Structure formats: C-alpha cells, structure tokens
Amino acid sequence: MNDTPASAVLGVHPLGFPWPTVDPFLFCAYHDDGYPRGDGRMAPAASLAGREIGADFSRKDGWSMYHGESVPGFPAHPHRGFETVTLVRRGLIDHADSLGAAARFGGGDVQWVTAGRGLVHSEMFPLLREDAGNPLELFQIWLNLPAARKMVDPHFTMLWSGQVPHWRAEGVDVTVVAGRLEGADAPPSPPPDSWAAQADADVAIWTLRLEPGARWTLPAAAGAGTQRVLYFFKGASATVGGQAVQGPAAIELRADAAVALAAGDEVCEFLLLQGRPIAEPVAQYGPFVMNSQAEIAQAMQDYRRTQFGGWPWPDAAPVHGAAPARFARYPDGRREEAVDAAG
C-alpha cells in the first residue's frame with residue numbers, strides 16, 4: 001500500500017518472520033514466547049510431543065523450542081561479518097561465546113556483539129520459575145559491517161537497562177538504545193568498530209510505547225540519505241503520518257520528514273530502525289555476511305579449520321544456574337552485575 005509521493009509514509013507491509021529490513025540492517029526477529037513453568041532443570045515442564053526438536057519454530061501452545069533440545073534457545077553457532085543487537089524486554093537469555101564471555105541478561109538489557117572475523121555463541125532461554133510461566137520477549141537485530149570492518153576482532157558488551165535512556169511525556173515512552181533523541185540522555189557508545197559508531201551513519205534503534213489515544217511526533221533524521229522503518233508490532237490500529245495503519249505492519253518512512261504518530265484505542269508499540277546505508281554488495285550464507293561469494297567460501301573454510309577459536313564450554317547449550325541474577329563476564333575476566341535504574 002503506497003501513499004502519495006509527498007507523504008512521509010513510503011509503504012506499509014505485513015510483518016512475518018523475520019521482519020523486512022533495509023540497509024544497513026540485515027535481519028530483525030521478534031520473539032514473543034509464552035513459555036510454561038520450568039521443570040527444575042530450566043526446561044519446560046510440558047510435553048515436547050509434536051515438536052521437531054532441534055528445529056522447532058512451531059509456536060505450538062504459544063512458544064517454540066527453536067534449536068534447543070532441552071532448554072529453549074539457540075545452541076552454539078558461528079557468525080562472521082556483522083553485529084547482533086539483542087534487546088530483551090521480558091525473560092532472560094544465557095549467553096556464552098568462543099571468547100569465553102558469558103552473560104545472563106533480560107528485563108530491558110541490551111547485548112551488542114560485533115562478530116567481526118568470527119565468533120561462536122549460544123543464546124539459551126532458561127525457564128527459572130517453577131511456580132508460574134516464563135514469558136520471553138525480545139528483538140534480535142543484525143546490523144551489517146562495512147567491508148573495511150568485516151574482519152575486525154570480535155567485541156562483546158552489555159548495556160544494562162539502567163544505562164539505556166528513556167524519554168517520557170504524557171502517554172509516551174521512548175527507549176533509546178542507539179542514536180540521539182533531543183531531550184533524552186545519550187545512550188552508551190556502540191562497539192568501536194560498529195557502523196553505529198560512525199557519527200555520520202545516523203543509526204537509531206528506539207522502541208516507542210504510546211498509551212491509548214496518545215500522540216507524538218517522530219523527529220526527522222539528522223543525516224542525508226538515511227533510511228528508516230517503523231515496525232508497528234503491538235496494537236490494533238494507529239495513525240502514522242496522517243495515514244491509518246492496522247497492526248502488525250512494517251512502515252517505510254521518509255527519514256527527512258517528521259512523522260506524527262497517534263495510537264488508537266489500545267496501547268501501541270513500535271520499533272524504529274534507522275541508518276545511512278552502507279551501500280556495499282551483500283553476500284550471505286546463513287550466519288556469514290560478507291561482500292562476495294568468494295569471501296563466504298573463505299568464511300566457511302575458516303570455520304571448518306579453526307572453529308573461530310574453539311568452544312570453551314562443556315556443552316553446546318550452556319546455562320548459568322538457577323540464580324536469577326543478571327551478570328556479564330567479559331573475555332578479560334571482568335565481571336559486571338546488572339544495576340537497575342533505581343539502584
């Protein structure tokens with residue numbers, strides 16, 4: 001569905017899995033799983049019958065095991081040539097990687113990993129509560145790296161929820177993971193080799209929540225040539241740039257125009273992905289994203305030969321115990337504990 005050329009809305013598209021993206025973004029997945037109570041071993045206290053264990057994306061009973069066999073999630077797998085930005089709104093993720101880094105994070109925390117020349121990591125979803133359900137809601141976003149940064153050293157960092165700025169007005173809450181929003185504190189710096197670390201890349205990753213009937217104007221992007229997509233992922237109806245939109249939908253926007261948003265009769269939530277395109281060839285084979293097929297072949301060969309440094313964990317799907325504490329252990333041995341905004 002297209003509006004007139006003068007409109008800030010360039011197109012509206014249905015949301016499937018994964019969500020459609022534009023350069024510099026490669027992939028965006030939204031997981032909203034209503035996991036049951038845990039069985040004491042962080043696995044579902046429910047039958048797994050009827051699921052294709054190891055490749056379960058069924059959403060049977062409102063949740064999936066994904067590639068997990070006991071605990072849901074994504075056991076050890078390689079990445080090269082891009083970054084993952086993982087924002088967990090509810091529930092917990094247990095991360096482990098080939099650098100020796102580990103983390104348990106959730107509740108508004110963001111993990112940002114530059115795979116660079118090669119990294120193996122796992123992302124498991126431990127079901128800690130045994131007396132109630134274990135809902136999990138998260139975004140995973142893949143942000144491309146330019147050719148000059150494809151083979152940088154891998155980098156792991158955590159942005160705890162208390163470090164991630166919010167801008168609030170009546171009926172409106174904007175979470176600023178990356179990029180600048182006037183009136184909000186600046187978010188923590190992206191990893192040093194990220195496209196988002198380039199001042200003129202104009203990368204923004206924001207979530208927006210509008211209470212019923214609330215209105216807010218999304219400001220124009222700062223950079224020339226910036227592209228942006230607004231994902232309307234919760235709520236039945238909203239008005240975007242004067243156009244009625246039924247959710248869920250991906251809304252392509254002119255980045256050089258301010259866009260008026262108005263929620264309908266329900267809470268409306270959006271994810272904004274914005275950035276100046278890298279504008280280089282993209283060659284992708286699963287978890288490898290390079291600029292040519294020859295580089296993809298080299299990535300596969302390198303992974304077979306080196307396993308990107310090997311896997312230092314006792315199994316392919318490590319979880320970090322029954323304590324719910326959120327923490328990060330970095331490759332240099334440093335350990336951080338999550339500190340909430342109030343703490």
Side-chain angles (χ1 to χ4, degrees), residues 1-34 59 62 87 89-90 135 137-141 166-184 202-277:
M1 174 169 63
N2 289 312
D3 209 337
T4 64
S7 172
V9 177
L10 301 177
V12 179
H13 312 282
L15 283 182
F17 183 90
W19 293 353
T21 55
V22 296
D23 189 359
F25 298 95
L26 299 162
F27 173 91
C28 182
Y30 174 57
H31 298 272
D32 190 6
D33 289 281
R59 289 201 53 79
L87 167 57
R89 290 156 56 92
R90 292 190 299 167
E137 184 186 7
L138 67 94
F139 301 104
Q140 183 162 97
I141 300 155
H166 287 257
W167 181 92
R168 296 182 174 94
E170 185 175 355
V172 180
D173 186 336
V174 183
T175 303
V176 184
V177 175
R180 295 296 185 111
L181 173 62
E182 186 175 354
D202 202 21
V203 170
I205 301 173
W206 302 346
T207 62
L208 292 66
R209 177 185 171 92
L210 275 65
E211 296 294 330
R215 296 174 178 272
W216 186 63
T217 298
L218 176 67
T226 297
Q227 298 191 119
R228 58 171 33 166
V229 179
L230 187 68
Y231 301 94
F232 178 21
F233 67 94
K234 280 195 177 179
S237 63
T239 302
V240 179
Q243 179 171 324
V245 177
Q246 304 300 308
I251 308 160
E252 291 182 77
L253 297 175
R254 279 179 49 195
D256 62 351
V259 182
L261 307 177
D265 295 333
E266 301 176 5
V267 170
C268 291
E269 296 198 65
F270 304 86
L271 170 71
L272 175 75
L273 296 184
Q274 164 191 299
R276 181 168 62 83

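What you are looking at is a predicted structure, and each value in this text was computed from that prediction instead of being measured.
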Less than 4.5 Å apart, side chain to side chain, heavy atoms only: is that true for [X] and [Y]?
X	Y	result
Val240	Leu218	no
Pro212	Val267	yes
Glu211	Asp173	no

Working to the nearest 0.5 angstrom, can you tell me the gap between [X] [atom1] and [Y] [atom2]?
X	Y	atom1	atom2	answer
Arg168	Thr175	CZ	OG1	7.0 Å
Thr239	Leu261	OG1	CG	9.5 Å
Glu252	Leu230	CD	CG	11.5 Å
Lys234	Leu208	NZ	CG	14.5 Å

Practice item. Quick one: do Ile251 and Gln243 satisfy side chain to side chain contact (heavy atoms under 4.5 Å, CB included)? Show the steps, please. Key: CA-CA 11 Å; Ile251 308 160; Gln243 179 171 324; over 6 Å; no
Point to revise | Arg228 (side chain) donor-acceptor with Ala220 (main chain) under 3.5 angstrom | key: no
Exercise for review: Determine yes or no for a side-chain-to-main-chain donor-acceptor pair under 3.5 angstrom, with Asp202 supplying the side chain and Thr226 the backbone.
Suggested key: no
Atom of [X], atom of [Y] and distance for their closest heavy-atom approach:
X	Y	result
Gly241	Val259	N-CG1, 3.6 Å
Cys28	Pro18	O-CB, 3.4 Å
Trp206	Ala178	NE1-O, 3.1 Å
Phe232	Gln246	CE2-C, 4.0 Å
Ala238	Cys268	CB-SG, 4.1 Å
Gln227	Asp23	NE2-O, 2.9 Å

Check your understanding: Strictly under 6.0 Å, is that where the ring centroids of Phe233 and Phe139 end up?
Key -> yes
Review point. Got a sec, which residues hit ring pair (Phe, Tyr, Trp, His ring centres under 6.0 Å) with Trp167, two or more places apart in sequence or on another chain?
Key: Trp216
Practice item. Give the ring-plane orientation class for Phe17 versus His31, where under 30° counts as parallel, over 60° as perpendicular and anything between as tilted. Key: perpendicular
**Study point:** side chain to side chain contact (heavy atoms under 4.5 Å, CB included) evaluation trace for Leu271 with Trp19
**Key:** CA-CA 11 Å; Leu271 170 71; Trp19 293 353; 3.9 Å; yes
Point to revise | Candidate list Leu272, Thr207, Leu181, Ile205, test side chain to side chain contact (heavy atoms under 4.5 Å, CB included), partner Val176, passing option | key: Leu181
Exercise for review: Please say whether more than 12 non-hydrogen atoms of neighbouring residues, nucleotides or ligands are located less than 6.0 Å from CZ in Arg215.
Suggested key: no
Revision key, fill the gap. Here the salt bridge (Lys or Arg N to Asp or Glu O under 4.0 Å) pairs for residues 261-273, sequence neighbours left out, are Arg89-Glu269, Arg209-Glu269
